[in-house]
Amino acid sequence: MAFSQLGSPDISYRRKISAALNLEFSDGGLNYVSSYGGGSSFEQQNFTGNAQQMDVTNRWKLFLDNDEFLKLIKNDELLHYSEKIFGKLPDTELIYLGANR
C-alpha cells in the first residue's frame, strides 16, 4: 500500500485503516520488501525482513534541493489536505524554506 503510515508501528492505526477499507487485518507482510522492480526505490532490498526500519516518512527531505519537487509541493491546498489526513508532520516548514534557501 502506498501510504507509509500503513507500515506504522501503531497497530491500532493499521487495524483502523484495514477496517475502513473493509479488509481483514493482517501484519503478515509488515516487514516484507517486494523484490519486484528491485525492491524499494530508495533502499532496494537492503531492508528485506526488516522493512519497518526504513525511514519512509523522511524520504521527501531528499528532494528539498530539487526545484521541480518544490514547485509541485509548495501548494497551500496540498498542505491543507496533508495536515487534514495525516496531522501536522515534522519539518514541513522546510518545504517553504527549501534545504538551502
Side-chain angles (χ1 to χ4, degrees):
M1 304 228 162
F3 294 104
S4 60
Q5 270 75 0
L6 292 181
S8 167
D10 183 355
I11 192 168
S12 63
Y13 180 85
R14 296 192 310 274
R15 286 184 185 279
K16 178 181 167 184
I17 296 298
S18 293
L21 296 171
N22 289 327
L23 297 172
E24 181 179 337
F25 175 77
S26 172
D27 267 347
L30 186 61
N31 279 301
Y32 176 74
V33 177
S34 175
S35 60
Y36 183 78
S40 163
S41 300
F42 292 83
E43 284 98 11
Q44 293 74 44
Q45 292 280 280
N46 295 334
F47 287 89
T48 298
N50 210 13
Q52 283 192 289
Q53 298 302 311
M54 290 189 286
D55 191 16
V56 297
T57 59
N58 288 302
R59 287 176 174 171
W60 63 273
K61 293 177 188 176
L62 298 172
F63 298 97
L64 285 172
D65 283 327
N66 182 307
D67 289 331
E68 290 298 313
F69 171 77
L70 291 174
K71 190 182 339 179
L72 291 171
I73 204 77
K74 283 185 180 180
N75 178 308
D76 290 334
E77 185 177 13
L78 179 65
L79 286 173
H80 165 78
Y81 284 109
S82 174
E83 287 185 10
K84 188 173 183 174
I85 295 167
F86 302 110
K88 177 77 170 129
L89 299 173
D91 298 328
T92 52
E93 68 277 0
L94 296 174
I95 292 169
Y96 287 97
L97 299 174
N100 295 315
R101 292 165 173 46

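Quick note: numbers below take in every heavy atom, side chains included, and nothing from hydrogens, waters or symmetry partners. Here the structure is a predicted model, which is why all the values come from computation and not from measurement. Numbers here simply count residues along the sequence, with the first being 1.
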From CG (L21) to NZ (K16), nearest 0.5 Å: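 It is 11.5 Å, given to the nearest 0.5 Å.
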
Nearest 0.5 Å please: distance from the CG atom of L89 over to the CG atom of L79.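 Result: 9.5 Å between the selected atoms.
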
Whether the side chain of Q45 engages the backbone of S34 through a donor-acceptor N/O pair (distance < 3.5 Å, no angle test) should be reported.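 Indeed, once roles are kept as given, a pair shorter than 3.5 Å links the two residues.
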
ILVMFWY cluster, L62 and I73 together (side-chain gap under 4.5 Å):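 Yes; tracing contacts between hydrophobic side chains, which count when under 4.5 Å, links both residues.
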
Looking at every non-hydrogen atom in both residues, tell me the closest pair between [X] and [Y] and how far apart they are.
| X | Y | result |
| --- | --- | --- |
| F69 | F63 | CD2-O, 3.3 Å |
| L30 | A51 | O-CB, 3.9 Å |
| N66 | E68 | OD1-N, 2.9 Å |
| N75 | L78 | OD1-N, 2.8 Å |
| W60 | D91 | CH2-O, 3.2 Å |

Tell me, yes or no, whether the heavy-atom count around K71 atom NZ, taken from other residues, nucleotides or ligands under 6.0 Å, exceeds 12.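 For K71, atom NZ is not crowded (no more than 12 foreign heavy atoms under 6.0 Å).
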
Evaluate the side-chain proximity of I95 to K74: yes if any heavy-atom separation is below 4.5 Å, no if none is.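 With C-beta onward as the side chain, the pair touches.
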
Taking only residues two or more places apart in sequence, or in another chain, which ones meet R15 in a side chain to side chain contact (heavy atoms under 4.5 Å, CB included)?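 With sequence neighbours excluded, R15 shows a side chain to side chain contact (heavy atoms under 4.5 Å, CB included) to I11, F25, given in chain and number order.
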
